[in-house]
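Throughout, a chain's letter reflects where its sequence line sits, starting with A, and its residues are numbered from 1.
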Amino acid sequence: MTLRLLYFARLRERFGMGEETLAFAGGSVASLLDLLRARGGVWAEELAPGRSFRVAVNQHLATFDTPLADAAEVAIFPPVTGG
Amino acid sequence: MTLRLLYFARLRERFGMGEETLAFAGGSVASLLDLLRARGGVWAEELAPGRSFRVAVNQHLATFDTPLADAAEVAIFPPVTGG
Amino acid sequence: MKIAVQRECFDVNAEIGTLCAGRLDVGAVASFIGYARGVNDGSDVSAMTLEHYPGMTEKAIAALADEAAARWPFIDATIVHRIGRLLPGDPIVLVLVASRHRGEAFAACEYIMDALKTRAPFWKKEETPEGERWVEARASDEAAAARWQLPRQKM
Amino acid sequence: MKIAVQRECFDVNAEIGTLCAGRLDVGAVASFIGYARGVNDGSDVSAMTLEHYPGMTEKAIAALADEAAARWPFIDATIVHRIGRLLPGDPIVLVLVASRHRGEAFAACEYIMDALKTRAPFWKKEETPEGERWVEARASDEAAAARWQLPRQKM
């Protein structure tokens with residue numbers, strides 16, 4: 001299956017990209033985060049357990065156990081600061 | 001001593017006057033109310049104990065035991081309904 | 001602090017502009033506008049007339065705004081209350097509170113409105129198909145003001 | 001319910017006029033305007049840029065406004081949030097809530113702002129003499145949102 005990943009704000013800058021398409025074996029948000037952390041460097045650093053970030057799946061805030069379906073849009077971003 | 005009395009809104013209409021000057025022997029708001037009730041009719045009715053009205057002395061909300069000095073401006077009016 | 005009692009309508013944009021003019025520390029403006037409604041207590045209301053106690057009104061509003069400023073250190077506030085004859089849909093009262101952060105602005109604005117409803121000497125008379133009637137004070141307004149645990153100043 | 005994410009400034013008078021047009025049952029409009037400040041966390045801020053998540057933003061705002069409407073039955077609401085580069089003193093966000101009585105308008109307006117601050121995908125980057133920096137989320141915003149006992153939706 002394939003996921004569309006989006007990064008915003010500080011994470012977009014740190015990762016050096018705003019979006020990418022990723023082949024994914026299936027699983028939850030937690031599995032995806034493990035896959036991204038395995039890239040090492042800023043990925044391991046910014047997505048380390050305990051770091052403050054949010055994940056939205058198909059444009060709704062998600063939790064670590066939210067399942068990911070094929071073609072899901074997964075966004076990872078810092079805590080929001082609008083308003 | 002002399003007091004300047006003001007009436008507003010429903011009480012102004014019921015008493016048939018917006019203001020009057022009254023000779024007063026001295027005392028508190030309670031004494032003044034007794035004097036006015038002694039007029040009978042609408043005065044006794046509207047100012048009866050338990051009726052809902054407010055008294056301001058020199059433009060500050062007062063209580064029954066607020067003392068009245070010569071030339072005080074005493075306003076009697078229904079509970080307010082602005083805003 | 002601007003406090004005005006006037007017959008004319010107020011201009012919200014203009015009042016906000018004056019309140020914030022040249023102030024780059026304002027992060028929040030909370031506001032409230034009260035309107036004359038076309039229905040009240042189950043009757044159609046075709047117009048209302050607002051009477052007040054000239055002299056006391058401004059003092060009472062200043063006192064309650066000062067209380068709010070003592071509790072929530074806001075930057076500045078504007079309170080405008082209209083008097084005279086108003087039609088349904090007409091604005092009656094405007095309260096603006098400017099502060100650094102939003103919590104103070106919301107709290108002070110709501111406090112001022114609750115206190116104004118129970119302590120500023122305004123009275124409304126409504127014109128209905130059954131004739132004219134004075135609006136009665138609402139128990140809910142007393143309850144709203146009491147939430148803030150005001151010092152007892154009423155009889 | 002009007003929800004807009006836009007670069008242009010909003011006109012408060014015009015937004016209130018649209019919100020209340022032809023409605024004689026509106027007795028109260030509570031509003032909030034958030035502004036870009038010239039100082040934050042002890043640094044001068046010469047400008048800020050607001051980034052958002054197109055597509056999710058509108059959904060997230062609609063969801064929190066619907067929650068507010070379920071809790072406080074207001075008549076209508078308007079939420080406008082700006083994006084792009086803003087200067088100190090520029091308005092960032094406008095929330096208007098129209099209701100019959102003021103309690104619902106104040107509560108819904110403050111709820112929407114608190115929820116928006118923690119759940120709508122906007123991010124601010126500030127320009128300071130020390131360079132550019134992303135604004136960090138505030139614990140006080142999380143605390144403000146938690147007051148309303150939101151269902152847990154965050155990680």
Side-chain angles (χ1 to χ4, degrees), chain C residues 9-17 19-40 44-46 75 87-103 105-114 116-117 138 140-141 143-144 147, chain D residues 9-17 19-40 44-46 75 87-103 105-114 116-117 138 140-141 143-144 147:
Chain C
C9 194
F10 40 78
D11 179 321
V12 179
N13 280 353
E15 296 294 350
I16 293 173
L19 182 68
C20 298
R23 302 228 42 157
L24 299 184
D25 55 344
V26 171
V29 170
S31 84
F32 180 83
I33 306 169
Y35 292 88
R37 296 166 67 221
V39 171
N40 190 26
D44 289 337
V45 177
S46 55
I75 293 171
L87 301 178
D90 283 348
I92 301 173
V93 61
L94 172 69
V95 177
L96 296 175
V97 178
S99 64
R100 284 173 183 72
H101 301 291
R102 70 188 183 287
F106 273 119
C109 187
E110 191 166 11
Y111 178 93
I112 288 170
M113 269 311 302
D114 284 348
L116 194 149
K117 280 272 188 183
R138 292 173 174 275
S140 61
D141 283 334
R147 283 186 303 158
Chain D
C9 194
F10 41 78
D11 178 322
V12 179
N13 280 352
E15 296 293 350
I16 293 174
L19 182 68
C20 298
R23 303 230 39 161
L24 299 184
D25 54 344
V26 171
V29 170
S31 84
F32 179 83
I33 307 169
Y35 292 88
R37 296 165 68 221
V39 172
N40 191 26
D44 289 336
V45 176
S46 55
I75 293 172
L87 301 178
D90 282 348
I92 302 173
V93 60
L94 171 69
V95 176
L96 296 175
V97 178
S99 64
R100 283 173 183 72
H101 302 291
R102 71 188 183 286
F106 273 119
C109 187
E110 192 166 9
Y111 178 94
I112 289 169
M113 270 310 303
D114 284 347
L116 195 149
K117 280 271 188 184
R138 292 172 173 276
S140 61
D141 283 333
R147 284 186 305 159

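Contact count versus chain D (heavy atoms, under 4.5 Å) is highest, among C/I33, C/N13, C/I16, C/V39, for C/N13. Comparing C/C109, C/A14, C/S31, C/G34 by heavy-atom pairs within less than 4.5 Å of chain D, the highest count is held by C/S31.
Atom-to-atom distance recorded for D/F106:CZ and C/D114:CG is 7.0 Å, nearest 0.5 angstrom.
Contacts with chain C (heavy atom to heavy atom, under 4.5 Å) involve these residues of residues 89-100 of chain D, listed by number: D/G89, D/R100. Within residues 22-30 of chain C, the residues having any heavy atom less than 4.5 Å from a heavy atom of chain D are, in residue-number order, C/L24, C/D25, C/V26, C/G27, C/A28, C/V29, C/A30.
Under the 4.5 Å side-chain criterion, counting only non-hydrogen atoms from C-beta, D/R102 is in contact with C/D141.
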